[in-house]
Amino acid sequence: MALRVYDTRSRTKRTFEPLIEGTVRLYACGITPYSPSHLGHARQAIAFDVIVRWLRHSGFAVDYVTNFTDIDDKIINVANAEGVDFSVVAERNIADYYQVMDAMNVLRADAYPRVTETIPEIIEMVEQLIEKGHAYIGNDGVYFEIDTAPEKYGQLTGQTLDMVRAGAGGRVDDTGSGKRDHRDFALWKLAKPGEPSWASPWGEGRPGWHIECSAMSLKHLGETFDIHGGGADLLFPHHEAEIFQSECCLGHDPVVKYWLHNGLINVDGEKMSKSLENFWTIGDTFEHVHPLELRYALLNARYRQPIEFNMAMLEESKKHHERMMEVYGRALVAAGSGDWNGCDSLEEAAERFTAGMNDDFNSRTAMVEVQSVVRDLRALLESDSDAGLVAAGVAWLDEFAGGILGLLPDAESVRAAQAEGESARDALAAKVEPLLEARAAARAAKDWPRADQIRDQLNELGVVVEDSPDGPVWRIE
RNA sequence: GCACGAGUGGCAGAGCAGCUAUGCAACGGACUGCAGAUCCGUGGACCCGGGUGCAAAUCCCGGCUUGUGCUCCA
């Protein structure tokens, strides 16, 4: 069944057909590393991680590029406040990015280009735009002239030139005094004293905000490529500016075949943002939940929908993920991983999972299938059925929950965690066994207060006792 | 104001013309001294008003509410 993707530019779901058969070239806008990564970065990275995993699973060779905008006003501001070079700030936050993304099982992209490593290509692109009459040199930098390609306005947001002209009235920005029209945008900003800068034909300066993505995608993926992604907040002006730059520079249209945009994170019904103080860094969230539990929470909605983030939804995802891990761990230790082909219910689950993912990467539908396989697997474990079926369930989860959704740690660390649990259990057994016997005696004598008191003692040891039809079972809380 | 989305049961969240979504919660039952876990089962929804269709949560029109963008942002 064919993969269909929602393309922002055409505002429709389109059958996915790459420009070069069998390969997918994908560029996703990454971060500006001026502060530790936040939940919005996590959502973007995880959304495209799953998209890339699914494309590869579907047989495509994927070339996945995501960038670091490692020179920018905000980085400079932070560096100035700390009295350090801008690169110190950028490096520190890039390191943070890799660390938290690795923890959440985000596979590394094939390339992480940086603006500071792409300066020659950026300068060349700006020169070409000037040559072709799409850009002009102002007194404080080089600008793209919107009026040279008015038909490209509003390609992603549906806005028209007039709307923006009216909407921005009285709010003409103060940074581009050299602009001829407030809708023009900077390609190259001349440096003010003390700012980091690079030599260019127009003087010392640095790239404008949008040009780096046009230059980096061209450098790493070529003159046309299949998918360009990023957060929905980049639609305008960033991605529309890219369309102007790339298409006007290269002289063909379109440069990007499909535009994919992930939804934003909301807190209390509003977009998460620093000014509203409703801000969660990824590190903050790790204080409360395991990285994979956060990943679970962020995949619990389609990538395009906004997510309302709060402790309640986080706790619910934690609960679901813990349950999956418990069943998966027990099953893995009991039966190992086998082969799910030939098992009807698992094949049907795989079909529904596939249908969901092929429908614009609907990870939520996929998660429902994971939940149902987990439920069935737990029932199997409870009814000591044959190991082959259990192993088949493990294999299914390995492939889909682990391989595609990235929700499982690798099997070795699961085994290690199970083994660690076993040894912790053994260590406590000497203390627990006598108490269990005493409690059994009290229960036999129907001395309920005494039995409950012993249960409390066990709780203090961190042990939870549950009476089952087969006698009491205990586990470490 | 303009643009683009979204409005589904207590909550999360699918479906997007006819066929139980699912999960959590709730309720009932099994099992229980109690608790917990597990299993079985039940109820409950499609923002409002028109329209098209044999048939609409699903398509069309209008309205309302809400989010995002129009300014740095994943």
Side-chain angles (χ1 to χ4, degrees), chain A residues 6 8 11 13 28-32 34-35 37-48 66 69 72-74 77 97 154 156-160 162-169 171-175 182-183 209 229-240 261-266 269-275 279 297 300-308 310 312-313 315-317 319-320 323 326 352 356 359 362-372 374-375 378-379 381-383 442-443 446-449 451-452 455 459 464-470 472-475:
Chain A
Y6 184 90
T8 309
R11 267 178 233 113
K13 251 183 225 178
C29 284
I31 63 161
T32 299
Y34 71 103
S35 67
S37 293
H38 62 247
L39 289 177
H41 300 134
R43 160 93 122 153
Q44 187 275 135
I46 290 168
F48 283 92
T66 191
T69 300
D72 162 277
D73 291 354
K74 292 191 292 298
N77 291 156
Y97 178 87
L156 299 177
T157 58
Q159 293 170 295
T160 64
D162 292 342
M163 289 170 185
V164 177
R165 188 177 278 141
R171 204 158 6 92
V172 175
D173 78 56
D174 54 359
T175 56
H182 77 271
R183 295 160 305 164
W209 174 36
D233 50 352
L234 297 182
L235 246 24
F236 188 96
H238 186 59
H239 286 337
E240 290 205 1
H261 294 275
N262 63 274
L264 306 181
I265 302 269
N266 291 159
E270 286 179 296
K271 184 173 122 178
M272 191 179 77
S273 78
K274 280 191 169 170
S275 56
F279 206 79
N300 213 199
R302 312 186 68 146
Y303 75 92
R304 228 157 1 87
Q305 301 302 127
I307 288 181
E308 178 66 31
N310 53 51
M313 68 83 83
E315 291 291 345
E316 187 171 327
S317 293
K319 187 161 69 177
H320 286 149
R323 180 169 303 192
E326 189 216 324
R352 288 188 295 263
D359 180 17
N362 190 342
S363 64
R364 174 62 200 206
T365 302
M367 298 271 269
V368 167
E369 293 308 317
V370 171
Q371 285 178 330
S372 85
V374 167
R375 191 191 55 218
R378 181 173 51 203
L381 287 167
E382 306 269 330
S383 66
R443 294 184 72 215
K446 297 197 191 297
D447 183 355
W448 312 126
D452 289 345
R455 184 160 61 194
N459 287 158
V464 177
V465 188
E466 289 167 0
D467 296 314
S468 78
D470 302 324
V473 293
W474 64 280
R475 60 186 167 79

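This structure is a prediction, so every number in the text was calculated from the model and none was measured. Naming convention: chains lettered A, B, ... in sequence-line order (proteins, then strands); numbering from 1 in each chain.
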Any side-chain N or O of [X] under 4.0 Å from OP1/OP2 of [N]?
X      : N      : answer
A:R304 : B:rA14 : no
A:R378 : B:rC39 : yes
A:N362 : B:rG15 : yes

For [N] and [M], measure between their [atom1] atoms and round to the nearest Å.
N      : M      : atom1 : result
B:rG33 : B:rU42 : P     : 28 Å
B:rA17 : B:rA56 : P     : 14 Å
B:rC54 : B:rU66 : C1'   : 36 Å
B:rU8  : B:rU22 : C1'   : 14 Å
B:rU20 : B:rU65 : C1'   : 31 Å

NA contact type, [X], heavy-atom cut-off 4.0 Å: base, sugar-phosphate, or nothing?
X      : result
A:G231 : sugar-phosphate
A:D452 : base
A:G30  : sugar-phosphate
A:K74  : sugar-phosphate
A:H238 : nothing
A:L156 : nothing
A:R43  : nothing
A:L235 : nothing
A:R323 : sugar-phosphate

Rounded to the nearest angstrom, tell me the gap between atom CD in A:E240 and atom P in B:rU68.
-> 19 Å
Measure from CG on A:N266 to P on B:rG7 and round the result to the nearest Å.
-> 14 Å
Whichever of A:S372 and A:V465 has its nearest RNA chain B nucleotide further upstream toward 5' | A:S372
Just by protein heavy atoms under 4.0 Å, how would nucleotides 26-31 of chain B read 5' to 3' in B, S and -?
-> -----S
Confirm from the modelled atom types if A:R11 and B:rC4 form a donor-acceptor pair under 3.5 Å, side chain to base only.
-> no
Please evaluate the base of B:rC34 for a donor-acceptor partner in the side chain of A:D467 within a cut-off of under 3.5 Å?
-> yes
Run the salt-bridge test on A:R378 and A:E326 with the 4.0 Å N-O cut-off and return the result as yes or no.
-> no
Verify the stacking flag for A:W448 against B:rG33: centroid separation must be under 5.5 angstrom and the ring planes must differ by under 30 degrees.
-> yes
Taking syn as within 90° of 0 and anti otherwise, name the glycosidic form of B:rG29.
-> anti
Report the relative orientation of the aromatic rings in A:F279 and A:H38; use parallel for angles under 30°, tilted for 30 to 60°, perpendicular for over 60°.
-> perpendicular
